[in-house]
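Take a look at the structure below.
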Amino acid sequence: MTDIVFSFDTEDFTSPYAANAILDLAEILRGEGIRGCFCMVGLLGRQLVNWGRTDILEALRYHEICFHSYGHTLHPTICEYTETEDFDAAYREVVRQESMGVSMVRAATGAERVYAAVPPGNDKSYAAMYAYADMGIPCYCDTFADNGRGTWFCNQLHMEYFHSFEEMHKQGLAEDKSFRDELASRAISVIYNHPNTTRCDEWWDEVNYRGGNKHPFGQ
C-alpha cells in the first residue's frame, strides 16, 4: 500500500494575487475530504496577516501546516550562510533564523505543531537538518536521503518529493501505466505543487532574487 501526501510549497510572499491560489487549493481539497500538507514560508505567514487574509488562514486550519524556511531564496540562503567549517556557528544561525520563521507560521495559522521542514529548492544544508530536528520538527521532505520508503537521517524521518502536479499534467503522467506502477511501488509518495504557479508564470524569486537581492521587498 502506498501512502500519498499532497504537498504544497506555499512560498510567494510578494504577491497578494498569487495568495488566492492557496485559498482555492485548500478549499478544493477540503471539498474532497483530503487534508493537504501546506509548507509555508515564514515571511508569507506574516504577509497573510498583514494583507488581512483571514479567509486563507481559516481555510488552512483544516490542513496540515509545515515549514518552507524563513525566507525561501532570500539571500543569503540557508546553504550560503551555513557554508562554513564551523558547524556550531552554522547550526546556531539556522536555529536563530528558522525559529523566527516557524514562529511566524504558527502565529499566522494557529498551528500547534509544525510536522515537516522542506528546504527551498536545492538549499539542503545538513546543519539545517540537525537544527530542524532539535527544534522539534520530526520530518524533512524533498530530501536526497530517501528511496521512496522513508529514511531516518540526521535525527528526522526524510521523505523525497516524488513528482510535481505541474509536470504530471504537462506530461500526461496520470494516464501512464508505468508512472502509476512506480507510484504504487513506493511506501510513501509525496506529490507536490507550487500554488503561485497557478496564478503567475514565474516565481517571485526567479525574477527578483536570482544571484542576489536585486530589488527591495515589494518591487
**OP:** To the nearest 0.5 Å, tell me how far Ile56 CD1 sits from Ile22 CD1.
**Re:** 5.0 Å
Original post:
Hey, is Lys177 close enough to Asp181 for a salt bridge, meaning N to O under 4.0 Å?
Top reply: yes
**OP:** Would you please indicate yes or no on a ring centroid separation below 6.0 angstrom for His163 and Phe179?
**Re:** yes
Original post:
What's the shortest heavy-atom distance between Ala116 and Cys66, and which atoms?
Top reply: O-CB, 3.2 Å
Original post:
How are the rings of Phe165 and Phe6 set to each other: parallel, tilted or perpendicular (split at 30° and 60°)?
Top reply: parallel
**OP:** Could you tell me whether the side chain of Asp146 reaches within less than 4.5 Å of the side chain of Ile188, counting heavy atoms only?
**Re:** no
Original post:
Hey, is the main chain of Cys39 close enough, under 3.5 Å, to the side chain of His68 for a donor-acceptor pair?
Top reply: no
Subject >> Point-to-point distance, once rounded to the nearest 0.5 Å, from OH of Tyr70 to OG1 of Thr77 >> reply: 14.0 Å
Subject >> Over all atoms of both residues, closest heavy-atom pair of Arg96 and Glu93 >> reply: NH2-OE2, 2.6 Å
Subject >> Side-chain heavy-atom pair Ile191, Val5 within 4.5 angstrom cut-off >> reply: no
Original post:
Gly101 and Phe67: which non-hydrogen atoms are nearest, and at how many Å?
Top reply: C-CE1, 3.3 Å
Original post:
Are there more than 12 heavy atoms of other residues, nucleotides or ligands under 6.0 Å from atom CG of Asp201?
Top reply: no
**OP:** Tell me, yes or no, whether the heavy-atom count around Glu167 atom CD, taken from other residues, nucleotides or ligands under 6.0 Å, exceeds 12.
**Re:** yes
Original post:
Within the side chain of His158, is there an N or O that forms a donor-acceptor pair under 3.5 Å with the backbone of Phe153?
Top reply: yes
Original post:
Between Gln156 and Tyr132, does any side-chain donor sit less than 3.5 Å from a side-chain acceptor?
Top reply: no
Original post:
Quick one: do Val41 and Val102 end up in the same hydrophobic cluster if we chain Ile, Leu, Val, Met, Phe, Trp and Tyr together by side-chain heavy atoms under 4.5 Å apart?
Top reply: yes
Original post:
Distance only, no hydrogens: is a donor on one side chain within 3.5 Å (strictly under) of an acceptor on the other, for Tyr161 and Asp9?
Top reply: yes
**OP:** Sort out for me which residue in Leu48, Val105, Leu74 forms a side-chain contact (heavy atoms from CB on, under 4.5 Å) with Leu43.
**Re:** Leu74
Original post:
Under the 3.5 angstrom rule, does the side chain of Thr143 hit a backbone N or O of Tyr140 as a donor-acceptor pair?
Top reply: no
Original post:
Do the non-hydrogen side-chain atoms of Gln97 and Ser69 ever get within less than 4.5 Å of each other?
Top reply: no
Original post:
Roughly how far, to the nearest 0.5 Å, is the CZ atom of Arg46 from the CG atom of Leu44?
Top reply: 11.0 Å
Subject >> Shortest non-hydrogen contact between Thr109 and Arg61, atoms and distance >> reply: O-NH1, 3.1 Å
**OP:** Could you tell me whether the side chain of Arg35 and the main chain of Tyr62 form a donor-acceptor pair under 3.5 Å?
**Re:** yes
**OP:** Report whether Trp51 and Phe38 are members of the same hydrophobic cluster (ILVMFWY, side-chain heavy atoms less than 4.5 Å apart, transitive linking).
**Re:** yes
Subject >> Distance-only donor-acceptor check, side chains Arg53 and Asn20, under 3.5 Å >> reply: yes
Original post:
If you measure from the Lys or Arg side-chain nitrogens to the Asp or Glu carboxylate oxygens, is any gap between Arg30 and Glu27 under 4.0 Å?
Top reply: no
Subject >> Minimum heavy-atom distance Ala18-Asn196, with the two atoms named >> reply: CB-CB, 3.9 Å
**OP:** Taking the side chain as every heavy atom from C-beta outward, state whether Thr82 and Val94 have any atom pair closer than 4.5 Å.
**Re:** yes
Subject >> Joint hydrophobic cluster, Tyr126 plus Leu157, side-chain heavy atoms closer than 4.5 Å >> reply: no
**OP:** Would you sort out whether Glu160 and Arg149 count as a salt bridge (charged side-chain N to carboxylate O under 4.0 Å, His left out), showing the intermediate values?
**Re:** CA-CA 9 Å; Glu160 69 172 342; Arg149 308 201 68 80; over 6 Å; no
**OP:** Give a yes or no on whether the ring-centroid distance for Phe162 and Tyr192 is below 6.0 angstrom.
**Re:** no
Subject >> Shared hydrophobic cluster for Ile34 and Met168 (ILVMFWY, side-chain gaps under 4.5 Å) >> reply: yes
Original post:
At what distance, to the nearest 0.5 angstrom, does OG of Ser164 lie from CG of Asn193?
Top reply: 8.0 Å
**OP:** Indicate whether any N or O donor in one side chain lies under 3.5 Å from an N or O acceptor in the other, for Ser189 and Arg186.
**Re:** yes
Original post:
Cut-off 3.5 Å, side chains only: do Asp86 and Thr84 have a donor facing an acceptor?
Top reply: no
Original post:
Applying the 4.5 Å side-chain criterion to the ILVMFWY set and letting contacts propagate, would Val190 and Leu183 be lumped into a single cluster?
Top reply: no
Original post:
Can any side-chain N or O of Ser99 pair as donor or acceptor with the backbone N or O of Val95 at less than 3.5 Å?
Top reply: yes
Subject >> Side chains of Met159 and Cys139 in contact at under 4.5 Å (non-hydrogen atoms) >> reply: yes
**OP:** Of all the heavy-atom pairs spanning Pro195 and Ala21, show the shortest one and how long it is.
**Re:** O-CB, 3.2 Å
Original post:
Under 3.5 Å, is there a donor-acceptor pair linking the side chains of Asp12 and Thr14?
Top reply: yes
Original post:
Are any non-hydrogen side-chain atoms of Met40 and Glu11 less than 4.5 angstrom apart?
Top reply: no
Original post:
Taking atom OH of Tyr130 and atom SG of Cys154, what is their separation to the nearest 0.5 Å?
Top reply: 4.0 Å
Original post:
Do any N or O atoms from the side chain of Thr151 and from the backbone of Ala145 form a donor-acceptor pair under 3.5 angstrom?
Top reply: yes
Original post:
For the atom pair OG1 (Thr198) and CG (Leu25), what is the distance rounded to the nearest 0.5 Å?
Top reply: 6.0 Å
Subject >> Heavy-atom side-chain contact between His63 and Phe8 under 4.5 Å >> reply: no
**OP:** Could you tell me whether Glu166 atom CD has more than 12 heavy atoms of other residues or ligands within 6.0 Å of it?
**Re:** yes
